[in-house]
Visitor: 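Take this structure first; my questions come after.
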Amino acid sequence: MVYTLPGGGSVRALEHVALDIPEGQMVAILGPSGCGKTTLLNIVAGFLKPTSGAVVVGGRRVTGPGAERGMVFQQGALFEWMSVAENVGFGPRMAGRARREADALVAELLRRVGLGGFADTPVYRLSGGMQQRVALARCLANDPGVILMDEPLGALDALTRERMQGLVLRLWKETGKTIVLITHSVEEALFLGERLIVMAPRPGRVIRDMALPFAEMALRTEARTVKASADFVQVREEVLSMIWSMEEEIMGGAQDVT
Amino acid sequence: MSHEPGRLAIWLGLADGPLTQAKTVRFGDASAIRSGRIWSILIVVVLVGLWAIASRHGWIPAFYWPPIGATWDRLVRLATEGFRNVPLWEHVGISVFRVLSGVFFGALIGIPLGFAMGLSSVARGLFDPVVEFMRPIPPLALIPLIILWFGIGEVAKIVLLFLAALFIMTLAARAGVSGVAITKVHAAYSLGASRMQILRHVILPNALPEIFTGLRTSMGVCWSTVVAAELVAADRGLGSMIMIAKNFLQTDTVVIGIVLIGLIGYGIELLMRWTERRLVPWKTGA
């Protein structure tokens, strides 16, 4: 992916990114700012057209956005003029599905994300964590094959974030969806991902692709236990130092004042 | 604090409300100062009182400012007998009707035009020079041309007000479209919505706050314009009423007309704010 700058120059935002994601996998993509992870997700979603290469989902080449690739944004993507239930039922309604069928689906999804009593609440009255629950339910209502998550928990406070990680993990296991999750948080990537992709900037590329055992582990044990386990801490430190060295490279050896 | 201040005292600004009580920094924090309504009431009472005293002692000649009693009598007569055989409510009604028609037609054409300019490059290119050129022209400057084209009848006035509202509404709708957060549009696309569905369910509601601001502005501009237009050429309407009253040196009728114009303008503004709170609660925090 090459961006042409207004000044005439160009930036290679992504180069030689080749990923094969099997159905049902939860992939976490991690990298410092500017490594092109959001660009990559936007290309998969169909919002950006790559300058070269292609995205193929389920045997079909992606040429634009579509309902088979659901998307969960960091924040601000809910429709404030609709209630919680109307937001969740948006996809089925646009597809022209029967009212009663859609209503039942919405009620079921709201129950699953823990918003059973909030169907008629306007979304702008909800807290950030609850809004992201709505966003997850809205995405699931369309039953997409792939769910793309762009820092879905990035705007939440630390405690809410941990609780929501559990919810994302549970939904993934229950639905068996393929999920591509972009995050800034190493801990979140390790905890949620079955597979971890670490990206490096300039040009944006994949520098590490590894399998992770922690998501499976977290389904059986307490989240806190998983995060405190020796394996988890070791991998976390390893990945953190990888990202730290990249950040320092970006700074170009600038003096670190703090 | 030993006792709770009453709601009336808080409303009047005589006591601190629950929100302002705990604040120690007042100067510079607009939310920490009291409402000051007691002073608003006081100033109105003092002004009316001064008017009453000045009238009683005959301090100001009636030619410049009418005595309070005679003005009241005139108001009663205007309300019952009308002005020059036209009832007062008809003068008020025709002015309001002209404004509402102008704003209605302005919005009817302006909103789709603004949407088109925000969504299509052809529409933007075609209409941008026209809109940008017409926008800074005060509607009053169009009156001579409108009179030449449409005469001085009802159509002429509504066309003038339509033009006054049209460009405001076009720009408001265009701003509303460009103000749509791209994540919302992206979200709608990945939920499978078509372009028409996105227009109807995402772009239109998202533009509502801007459209409302446009409606409020056009109401205000049209109200000033209608009065001015009636001053120039009309036999009915509040503007014409005060212009004709001037010819007969009826200062009291002129003053009544001006007060009514102010009150109605204020009333329109309040009504628009109320409707806005109902229709776009996510922006107004209702």
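In this text the structure is predicted, and so the values were computed from the model without any measurement. Sequence lines set the chain letters: A, B, ... in the order given, protein chains first and strands last, and positions in each chain run from 1.
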Visitor: Check whether V185(B) gets within reach of chain A through its side chain, its backbone, both or neither, counting any heavy atom under 4.5 Å.
Guide: neither

Visitor: For the candidates A187(B), A193(B), S190(B), A181(B), which exhibits the highest count of non-hydrogen atom pairs separated by less than 4.5 Å from chain A?
Guide: S190(B)

Visitor: Quick one: which of G66(A), P122(A), G91(A), P92(A) has the most heavy-atom pairs under 4.5 Å with chain B, could you say?
Guide: G66(A)

Visitor: To the nearest 0.5 Å, what is the distance between CG (L30(A)) and CD (E188(A))?
Guide: 9.5 Å

Visitor: Pick whichever of L279(B), L208(B), N206(B) has the most heavy-atom pairs under 4.5 Å with chain A.
Guide: N206(B)

Visitor: Let's test your reading of the structure: which of A95(A), P65(A), A135(A) forms the most heavy-atom pairs below 4.5 Å with chain B?
Guide: P65(A)

Visitor: Less than 4.0 Å between a side-chain N and a carboxylate O, is that true for R26(B) and D16(B)?
Guide: yes

Visitor: Answer yes or no on whether R195(B) is positioned over the face of Y189(B), meaning its NZ or CZ is under 6.0 Å from the six-membered ring centre and within 45° of the axis.
Guide: no

Visitor: Is the shortest side-chain N to carboxylate O distance from E174(A) to R112(A) below 4.0 Å?
Guide: yes

Visitor: Taking the inter-plane angle between the rings of H186(B) and F47(A) on a 0 to 90° scale, is it parallel (under 30°), tilted (30 to 60°) or perpendicular (over 60°)?
Guide: parallel

Visitor: Give, as side chain, backbone, both or neither, the part of L148(A) having an atom under 4.5 angstrom from any heavy atom of chain B.
Guide: neither

